[in-house]
Amino acid sequence: MTPWLHANGDRGVWPATWYAEGVQFPEPFPPLEGRVKADLCVVGAGITGLSAALHGAKAGMSVILLEAQRVGWGASGRNGGQVGSGFNWSQRKLAAKLGAQKARKLWNLAEEAKAMTRQVAAVRPGVFYTVYNKRQLQDIQAENDWMMSHYGTDARVLDGLEVADRIGSPAYAGGVLDMSSGVCNPLAYTLALVRACVAAGVTIHEGSEVHRIDNKHVYTAKGAVTGRFVCHATNGYGAHLIGKSAARILPINNYIAVTEPLDVPPMRERMAVADSRFVVNYFWQTDDGRLVYGGGESYGRKFPSRDRIEAKVRGNLSRVYRDLSDVRFTHAWGGTLAVTATRLPYLAEVAPGVYSAGGYSGHGLALSSMSGKLCVEAMQGDRSRFDLMASLPVPALPGGRMLGGWMAQAGMLWGSTRDRFLG
């Protein structure tokens, strides 16, 4: 199977995203050549892999990190930048399905994940989780009341007029303002993790696509690594390398465009926004008055042309800001992320000493760093928190490895069709 890694351009160079302007890129790391050994071999230099490598090195392990393209080249460096709370399931649903004690422990993990991100990234606080109708507003009010009484959270529910006043759009019936969430430049964050890995003694090899993982032997075109442990951290770009992961992780594409600086930026308070659609719209306003707007998915490997990416994003943006329907975009790009059947992250020891993590389903900016850390904790003999995250229900995609992707895509297309009725 041709990996998603080769489906689109920008091979071996970072894509020309708005995030890439002003960041300091590292010099190229040499490709792997020859056969070597290490305590830990990490496959994939996104946030999961970088976190695993960093925590492994800090624990005294010798670490080799293999990246097919450039560090931070994939979804980790080109996503929407939102650092959200919790998981795709509400805490009330997690408590009902898994029990109150386990749900609380999972919440604590997610809160720690946000704190870990803030230690490295410049996170601007505040995310509005917006809804489109009165029934959804009642639902989020009930959920927020439950969270306040059970977890002591202090997020606020605002009605449509209050949301409109703050973000400059009447598109929503209301929303929850979570000041513990936030937004950052994900590429700058990822490259900061790279620098931390180098300082900790991690050996990084770029241009080193992994073609096969056989037990604890990891093979590239010009070399191989034998590790005491292996961490498979490619998310959507290399799920095919591990059969159990490929059966549970579905790669999809998502798109972002950035406007020119606006003469009159719409948002009075520059909080990020994520809406209640199945195919989420998410956006935030930059310091120089641009909108970074994400929305629209596709389920084949290839990205559409830039014009079609802009059209996908423009259609969503213009429903929220109608007077910006003709705005000029200075940047537009696509990225490959991954979802699971339950939209919960997949974390597993797929073979003795071989760990795999991915399928963050839009919550990866914080949870991916935690996943890398938990894999190393398990390697060091403390499996308690790893097993907690790995206990999340992530079944194989309906239809198995061969047909699962098609069936899941059909379900997602149904969800995106339903979105049209929200406005």
Side-chain angles (χ1 to χ4, degrees), residues 17-19 21 78-84 124-134 136-137 140 156-179 181-186 254-298 304 306-335 362 416-423:
T17 67
W18 179 78
Y19 301 134
E21 297 190 359
R78 61 174 91 184
N79 62 71
Q82 295 196 14
V83 184
R124 192 174 75 196
V127 176
F128 275 115
Y129 296 99
T130 55
V131 296
Y132 285 90
N133 57 53
K134 185 177 294 185
Q136 291 180 332
L137 185 59
I140 63 170
R156 294 180 54 205
V157 176
L158 289 78
D159 64 23
L161 291 176
E162 292 174 300
V163 172
D165 178 59
R166 289 168 179 252
I167 72 169
S169 170
Y172 303 110
V176 176
L177 176 56
D178 180 5
M179 293 302 295
S181 297
V183 68
C184 70
N185 179 331
N254 196 262
Y255 304 100
I256 297 175
V258 181
T259 72
E260 62 187 347
L262 303 173
D263 292 335
V264 183
M267 304 182 76
R268 178 171 66 82
E269 296 185 19
R270 295 180 295 107
M271 311 299 180
V273 178
D275 71 12
S276 57
R277 288 173 175 265
F278 183 84
V279 180
V280 177
N281 282 279
Y282 50 92
F283 56 93
W284 55 284
Q285 187 172 297
T286 68
D287 291 340
D288 64 349
R290 303 170 186 265
L291 287 178
V292 179
Y293 203 102
E297 294 182 350
S298 66
R306 171 161 174 162
D307 287 346
R308 292 187 63 189
I309 290 175
E310 290 189 7
K312 280 179 177 288
V313 177
R314 189 182 303 280
N316 290 309
L317 184 152
S318 62
R319 294 187 188 98
V320 179
Y321 296 110
R322 294 183 179 179
D323 57 344
L324 297 179
S325 59
D326 295 325
V327 69
R328 186 177 72 90
F329 293 120
T330 59
H331 302 77
W333 66 89
S416 64
T417 301
R418 185 186 63 183
D419 284 343
R420 298 176 187 174
F421 295 97
L422 290 176

Residue from Val292, Leu291, Thr17 passing side-chain contact (heavy atoms from CB on, under 4.5 Å) with Val258: Val292
Do you see a donor-acceptor pair shorter than 3.5 Å between the side chains of Tyr255 and Asn316? no
Under the criterion side chain to side chain contact (heavy atoms under 4.5 Å, CB included), I'd like the reasoning laid out for Ile167 against Gln285: C-alpha separation, chi angles, the key distance, then a yes or no. CA-CA 9 Å; Ile167 72 169; Gln285 187 172 297; over 6 Å; no
Mind listing the closest non-hydrogen atom pair of Ala274 and Val280 along with its distance? CB-CG1, 4.2 Å
Derivation and outcome, side chain to side chain contact (heavy atoms under 4.5 Å, CB included), residues Phe329 and Ile309: CA-CA 11 Å; Phe329 293 120; Ile309 290 175; over 6 Å; no
Quick check: closest heavy atoms across Arg314 and Asp326, and the distance to 0.1 Å? NH1-C, 3.5 Å
Specify the closest pair of heavy atoms between Met271 and Pro125, including all atoms of both residues, with the distance to one decimal. SD-O, 3.7 Å
Please work out whether the ring planes of Trp284 and Trp18 are parallel, tilted or perpendicular, with thresholds of 30° and 60°. perpendicular
If you measure from CD on Glu162 to CG on Leu177, what distance do you get to the nearest 0.5 Å? 10.0 Å
Should Asp178 and Tyr129 be marked as a side chain to side chain contact (heavy atoms under 4.5 Å, CB included) after you check the CA-CA gap, both sets of side-chain angles, and the distance that decides it? CA-CA 8 Å; Asp178 180 5; Tyr129 296 99; 3.9 Å; yes
Return the CG to CZ distance between Leu317 and Arg322, rounded to the nearest 0.5 Å. 12.5 Å
Check for a donor-acceptor pair, side chain of Arg268 on one end and backbone N or O of Gly168 on the other, with a separation under 3.5 Å. no
Hey, is the main chain of Arg270 close enough, under 3.5 Å, to the side chain of Arg124 for a donor-acceptor pair? yes
Closest approach of Tyr321 to Ser169 (non-hydrogen atoms, all atoms of both residues): CE2-CB, 3.7 Å
Find the distance between CG (Asp165) and CE (Met267) and round it off to the nearest 0.5 Å. 11.5 Å
Taking all non-hydrogen atoms of both residues into account, name the closest pair between Leu137 and Ile140 and its distance. O-CG1, 3.2 Å
Without swapping roles, check the side chain of Arg156 against the backbone of Met179 for a donor-acceptor pair under 3.5 Å. no
side-chain hydrogen bond (donor to acceptor under 3.5 Å, both in side chains) between Ser276 and Tyr172, worked out: CA-CA 10 Å; Ser276 57; Tyr172 303 110; over 6 Å; no
Backbone of Gly334 reached by a side-chain donor or acceptor of Asn254 within 3.5 Å: no
Would you mind checking if Arg319 and Asp275 are paired as a salt bridge, meaning a charged N to carboxylate O distance below 4.0 Å? no
Okay, side chain of Gln136, backbone of Val131: is any donor-acceptor separation there less than 3.5 Å? no
Among Val273, Thr130, Val157, which residue meets the side-chain contact (heavy atoms from CB on, under 4.5 Å) test with Val163? Thr130
Is a side-chain N or O of Tyr19 found less than 3.5 angstrom from the main chain of Asn79, in a donor-acceptor match? yes
Would you give the length of the straight line joining atom CG of Asn185 to atom OG1 of Thr286, rounded to the nearest 0.5 angstrom? 11.0 Å
In sequence, state the C-alpha distance, the side-chain angles, and the governing distance for Val83 and Val127, and then conclude on side chain to side chain contact (heavy atoms under 4.5 Å, CB included). CA-CA 9 Å; Val83 184; Val127 176; over 6 Å; no
Assess whether a salt bridge exists between Glu310 and Arg306, defined as any Lys/Arg side-chain N lying under 4.0 Å from an Asp/Glu carboxylate O. yes
Heavy-atom nearest pair, Gly81 first then Pro186, reads CA-CD, 4.0 Å
